[in-house]
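Below is one structure; the comments refer to it alone.
Values in this document were obtained by computation on a predicted structure and should not be read as measured data. Position 1 is the first residue of the sequence, and the numbers go up from there.
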Amino acid sequence: LIEIGQYEEALQACQDAEAAGYGGLLCEFETAHALQRMHRNEEALESIERCLAMEWPHDLTGDYGIVTHKRHLLKGQILAQMGRFTDAIDLFDFVLGVDPASSVALFSKATTLAAMGKPIEALKGFEAGFGDPGLGAANRKGAAKVYQTLGQVDTACTLFEEAWRLRTHDQNLWVQWVQCA
């Protein structure tokens, strides 16, 4: 449900699972994830803090990466949305220490660096993700926005076009490309 943008339904599914006695670490993680996507940041932060306080039960099956680094990544994303950039960067760096190839952590860090007014550092992160099949377009879009702020409009237009060609169904990307041109 989260992946298809049905955040309210995802949150309700988590609440239903909790009420039925199927709560726990994974349910709390997805609750925090749904809340974060809805920009209900204070609630999301409370939820991810509860998740961080939980241990992995010995008989639980699922994505153990949630324990090792993904819940830290989610907390970083929540903090970034709240404007707590330095704390978010620290968490993204922690995640990259565990999983150096985490495309989501690299993108989240680059986005946060751009928001902090650190364009050159942000560009390094965005450009590192150009080849990622899932986030290549988003990384190009992020880099294009940085190049626009740096006054390098030709490069920005090229990147918006490349991003749109990767996601031709995204009308917003097309509009950004046209506006840049």
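- A donor-acceptor pair under 3.5 Å links the side-chain atoms of N139 to the main chain of L135, judged by distance alone.
- The line from NE2 of H72 to CG of L52 is 5.5 Å long, rounded to the nearest 0.5 Å.
- A donor-acceptor contact shorter than 3.5 Å is absent between the side chain of T168 and the backbone of R165.
- Across A80 and T112, no two heavy atoms sit closer than the pair CB-OG1, 3.6 Å.
- Residue L123 holds its CG atom at 10.0 Å from CG of L113, rounded to the nearest 0.5 Å.
- Here the side chain of R71 pairs no donor or acceptor atom with the backbone of I48 at under 3.5 angstrom.
- Atoms CD and OG1, from Q36 and T31 in turn, are 13.0 Å apart once rounded to the nearest 0.5 Å.
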Begin with the C-alpha distance, continue with both residues' side-chain angles, and end with the deciding distance and a verdict on salt bridge (charged side-chain N to carboxylate O under 4.0 Å, His left out) for E43 and R40. CA-CA 6 Å; E43 294 170 87; R40 291 169 53 181; 2.8 Å; yes

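- The number of heavy-atom neighbours closer than 6.0 Å to CD of Q12, taken from other residues, nucleotides and ligands shown, is above 12.
- With R140 contributing its side chain and F130 its backbone, the two residues share a donor-acceptor pair below 3.5 Å.
- Separating the CZ atom in F94 from the CD1 atom in I89 is a distance of 15.5 Å, to the nearest 0.5 Å.
- With a 4.5 Å cut-off on side-chain heavy atoms, K75 and L79 count as touching.
- Under a hydrophobic clustering in which Ile, Leu, Val, Met, Phe, Trp and Tyr are joined whenever their side-chain heavy atoms come within less than 4.5 Å, directly or via other members, I78 and F29 fall into the same cluster.
- With hydrogens and angles ignored, the 3.5 Å screen pairs a side-chain donor or acceptor of S47 with a backbone N or O of E28.
- For the residue pair A156 and Q148, the shortest heavy atom distance occurs at CB-CG, 3.6 Å.
- The closest side-chain heavy-atom distance from E55 to L25 is not below 4.5 Å.
- Taking every heavy atom of both residues into account, D170 and W164 meet most closely at O-CD1, 3.6 Å.
- Summarising the geometry of A137 relative to L166, their closest heavy-atom pair is N-CD1, 3.8 Å, with the distance given to 0.1 Å.
- Applying the 6.0 Å contact sphere to CG of D63 captures more than 12 heavy atoms from other residues, nucleotides or ligands.
- V98 and F107 fall within a single hydrophobic cluster, where Ile, Leu, Val, Met, Phe, Trp and Tyr are joined by side-chain heavy atoms under 4.5 Å apart, directly or via other members.
- The cluster map of Ile, Leu, Val, Met, Phe, Trp and Tyr, joined by side-chain heavy atoms under 4.5 Å apart, puts I2 and L74 in different clusters.
- S108 approaches Q77 most closely through the heavy-atom pair OG-NE2, 3.1 Å.
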For the pair Y147 and T158, evaluate side chain to side chain contact (heavy atoms under 4.5 Å, CB included) and give the outcome as yes or no after the intermediate values. CA-CA 10 Å; Y147 278 114; T158 298; over 6 Å; no

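- Taking CG of L91 as the start and NZ of K109 as the end, the distance is 12.0 Å to the nearest 0.5 Å.
- Hydrophobic clustering (ILVMFWY, side-chain heavy atoms < 4.5 Å, transitive): V175 and L159 are in distinct clusters.
- The side-chain heavy atoms of F92 and V104, taken from C-beta on, include no pair separated by under 4.5 Å.
- Hydrophobic clustering of Ile, Leu, Val, Met, Phe, Trp and Tyr side chains at less than 4.5 Å, counting indirect connections, unites F126 with L150.
- By the 4.0 Å N-to-carboxylate-O rule, K124 lies too far from E121 to be salt-bridged with it.
- You'll find the side chain of L45 reaches within 4.5 Å of the side chain of R84, heavy atoms only.
- Contact annotation: the side chain of M54 never approaches that of V67 to less than 4.5 Å [non-hydrogen atoms, C-beta and beyond].
- If you take CG on L35 and CG on N41, they are separated by 9.0 Å, rounding to the nearest 0.5 Å.
- Residues C180 and F160 approach most closely at CB-CD1, 3.8 Å, considering heavy atoms.
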